[in-house]
There are 2 protein chains.
Amino acid sequence: MDGKIVNLRSKLEIYKAGSGGGNLADCPVRDVIQGISNKWSSLLMEALAEKPYRFGELRRLVPDISQRMLTQTLHDLQRDGYVHREVFPTKPPSVEYSLTDLGRSMFGPLHQLIQWAELNHGAVREARKVFDAAEG
Amino acid sequence: MDGKIVNLRSKLEIYKAGSGGGNLADCPVRDVIQGISNKWSSLLMEALAEKPYRFGELRRLVPDISQRMLTQTLHDLQRDGYVHREVFPTKPPSVEYSLTDLGRSMFGPLHQLIQWAELNHGAVREARKVFDAAEG
DNA sequence: AGTGCTGGTCTCTTTTTGAGACTAACATAT
DNA sequence: ATATGTTAGTCTCAAAAAGAGACCAGCACT
C-alpha cells in the first residue's frame, strides 16, 4: 500500500524529495545530479571504472581535456566521495586515482545511461540531421 | 561466445566505439552523453516524463532557470530528438513540450541515475563534509 | 487607452572553461 | 657538469557559456 503511494507519486517528487516546501531550487537530488552532469565527470568515471589510473595516464587517455579541468574534475569527484586519491612517495611523486565503493555504486546506473547512448547514438544523430535540415 | 568478448572488452571501449582509431575525442557516445550532461537537461527530462508541459508552466516549475536557458535547453533536447514541440494556435499562442519515444527510452536509464541520487545523496553530502573539513 | 498574458529574443555582466606558460625536485643522458 | 625529461600540479589570460533583466508582437479584457 505504501508501495502504491510511492508509485503514484509524481516523478518530479523525487527531485523535490527532502526539500520541505516542494522547492526544486535547493534539492539534494539536483545537487548530486549536477555534480556528475558536467563535461568530463562521466568520461573520467568510465575510465576509472576500468582500473585505477595516474594523473598523467588520464591526461593521455583523454587527450582533449586540459590539465586544469582534469585536476578540477578529479578534485570534485573526490570531494563527492566517488574517487580516492593516493599519493605515492616516488621520485617524482605519482598520484593514483581509483573509484571508491560509492563511486562504483554510482557507476552502475551511469553505465546504463552510457550503454543507452552506445545503442542509440545513431537515432540521436539522425534526429539532429533532420532538425538541422528543417530549420536552416 | 560473442557475449564473452563483449564482457571482456574494456569499458572504455564503449566510449570509443565507432571512432576507428580508438580516439576518444570525436566519439559518438561522448557526443550523446554531453547532450544530456548539462545543468538543466535532466531536470527538464524529469519534468516532461511526468506529463507534457507548456513553456510558462516549466518556467514556474523550475523557478531558478532563466528564460534564456529554458528556451535553449528545450531547443537542444528537441534537436536531439528527445522532446516534441507543438505550437497551438490559441491567442496568445501556446507551446507544449512532450517527450518523444526516443526521449522516453532515454529517460529509463536516466531515471535509474536519479533514483540512485535520491537514495545516496546522504552519503555524498557526508563525503563532502568530511572532505571540506579535512582540507580547509 | 491601459494592463496583462503568451513565448520568446537581445544585450550586458558574471561565471566557467580552455590554452598554455611556469614550478620544484629528482633521474637520466651528454 | 650541464642539459633534458619526468612528475602532478598551479597561475594567468583569453574565450565561451550562463544568468539577469529589458524588450517584443499580438491579442483579450477592462
Side-chain angles (χ1 to χ4, degrees), chain A residues 23-27 30-31 33-44 47-48 52-80 83-98 131 134-136, chain B residues 23-27 30-31 33-44 47-48 52-80 83-98 131 134-136:
Chain A
N23 174 9
L24 274 175
D26 48 353
C27 155
R30 266 178 80 177
D31 189 35
I33 292 292
Q34 295 200 348
I36 55 186
S37 292
N38 57 57
K39 190 164 179 181
W40 302 108
S41 293
S42 61
L43 182 51
L44 293 179
L48 294 175
Y53 277 106
R54 291 177 47 192
F55 186 89
E57 291 177 318
L58 286 171
R59 209 157 80 82
R60 284 185 289 276
L61 200 60
V62 186
D64 58 339
I65 195 175
S66 67
Q67 212 162 351
R68 189 181 156 285
M69 286 313 293
L70 181 54
T71 303
Q72 186 179 309
T73 305
L74 287 170
H75 176 272
D76 293 349
L77 289 174
Q78 187 195 353
R79 188 173 101 99
D80 282 6
V83 161
H84 172 70
R85 176 180 186 271
E86 188 159 9
V87 182
F88 293 98
T90 57
K91 309 284 174 74
S94 58
V95 180
E96 188 182 86
Y97 293 91
S98 55
F131 185 89
E135 53 146 38
Chain B
N23 174 7
L24 274 175
D26 49 354
C27 154
R30 266 177 81 176
D31 189 33
I33 291 293
Q34 295 200 349
I36 54 187
S37 292
N38 57 56
K39 190 164 180 182
W40 301 109
S41 293
S42 61
L43 182 51
L44 292 179
L48 294 174
Y53 277 105
R54 291 177 48 190
F55 186 88
E57 291 176 318
L58 287 171
R59 207 157 81 82
R60 284 186 289 275
L61 201 59
V62 187
D64 58 339
I65 194 175
S66 68
Q67 209 161 352
R68 188 180 157 284
M69 286 314 294
L70 180 56
T71 303
Q72 185 180 309
T73 306
L74 287 169
H75 176 273
D76 293 349
L77 290 175
Q78 187 194 354
R79 190 173 100 99
D80 282 6
V83 160
H84 173 70
R85 176 179 186 270
E86 188 158 9
V87 182
F88 293 99
T90 56
K91 309 286 171 76
S94 58
V95 180
E96 188 182 86
Y97 293 91
S98 55
F131 185 89
E135 52 144 38

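Note: hydrogens, waters and symmetry copies are ignored here, and every other heavy atom, side chains too, is used. Everything numeric here is computed off the predicted structure, so don't read it as measured data. Throughout, a chain's letter reflects where its sequence line sits, starting with A, and its residues are numbered from 1.
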Nearest-nucleotide check on DNA chain C, B/Glu57 vs A/Arg68; residue mapping nearer the 5' end is B/Glu57

Calculate the interatomic distance between A/Phe55 atom CZ and D/dT6 atom C1'; express it in whole Å. 14 Å

For the residue pair B/Glu86 and B/Val95, establish whether any side-chain heavy-atom pair is separated by less than 4.5 Å. no

Would you call the rings of B/His75 and A/Phe131 parallel, tilted or perpendicular, where under 30° means parallel and over 60° means perpendicular? perpendicular

Choose from D/dT7, D/dA18, C/dG18 the nucleotide whose nearest atom is closest to any side-chain atom of A/Ser94. D/dT7

Residue B/Arg54, side-chain heavy atoms: nucleotide from C/dG7, C/dT17, D/dA8 that is nearest: C/dG7

Here the distance between atom C1' of D/dG19 and atom NZ of B/Lys39, to the nearest Å, is 8 Å

Among C/dT17, D/dG9, D/dT6, which nucleotide sits nearest the side chain of A/Pro92? D/dT6

Residue closer to the 5' end of DNA chain D, B/Ile65 versus A/Glu96 (nearest nucleotide): A/Glu96

Separation of atom CD in A/Gln34 from atom C1' in D/dA18, rounded to whole Å: 12 Å

To the nearest 0.5 Å, what is the distance between CZ on B/Arg54 and CZ on B/Arg60? 8.0 Å

Counting side-chain heavy atoms from CB outward, which of C/dG8, C/dA21, C/dC26 is closest to A/Gln67? C/dA21

Please lay out, stage by stage, how A/Asp76 and A/Thr73 fare under the test side chain to side chain donor-acceptor pair (under 3.5 Å). CA-CA 5 Å; A/Asp76 293 349; A/Thr73 305; 5.8 Å; no

Atom-pair distance (CZ on A/Phe88; C1' on D/dG9), nearest Å: 17 Å

Within the structure shown, what part of the strands sits under 4.0 Å from B/Arg59 by heavy-atom distance: base, sugar-phosphate, or nothing? nothing

Looking at D/dC27, C/dC10, C/dC26, which one has an atom nearest to any side-chain atom of B/Lys91? D/dC27

Picking from D/dA20, C/dC26, D/dG9, which would you name as closest to the side chain of B/Ser66? D/dA20

Using whole Å, report how far CZ of B/Arg85 lies from C1' of C/dT6. 12 Å

With a 4.0 Å cut-off on N to O distance, would you call A/Asp64 and A/Lys39 a salt bridge? no

Per atom distances to the A/Val95 side chain, the nearest of D/dG9, C/dC10, C/dG8 is D/dG9

Whole angstrom value for the distance that separates P of D/dA8 from CG of A/Leu61: 14 Å

Nearest-neighbour nucleotide for the A/Gln72 side chain, C/dT17, D/dG9, C/dG8 considered: C/dT17

What contact category does B/Tyr97 fall into here, base, sugar-phosphate, or nothing, at under 4.0 angstrom with non-hydrogen atoms? sugar-phosphate

Determine the sole option in B/Leu70, B/Val62, B/Leu77 for which the side-chain contact (heavy atoms from CB on, under 4.5 Å) test with B/Trp40 is passed. B/Val62

Atom CG of B/Leu70 and atom C1' of D/dA17 are separated, to the nearest Å, by 17 Å

Indicate whether OP1 or OP2 belonging to C/dT16 is found under 4.0 Å from a side-chain N or O atom of A/Trp40. no

Rounded off to whole Å, could you give me the CE-to-P distance for the A/Met69 and C/dT15 pair? 16 Å

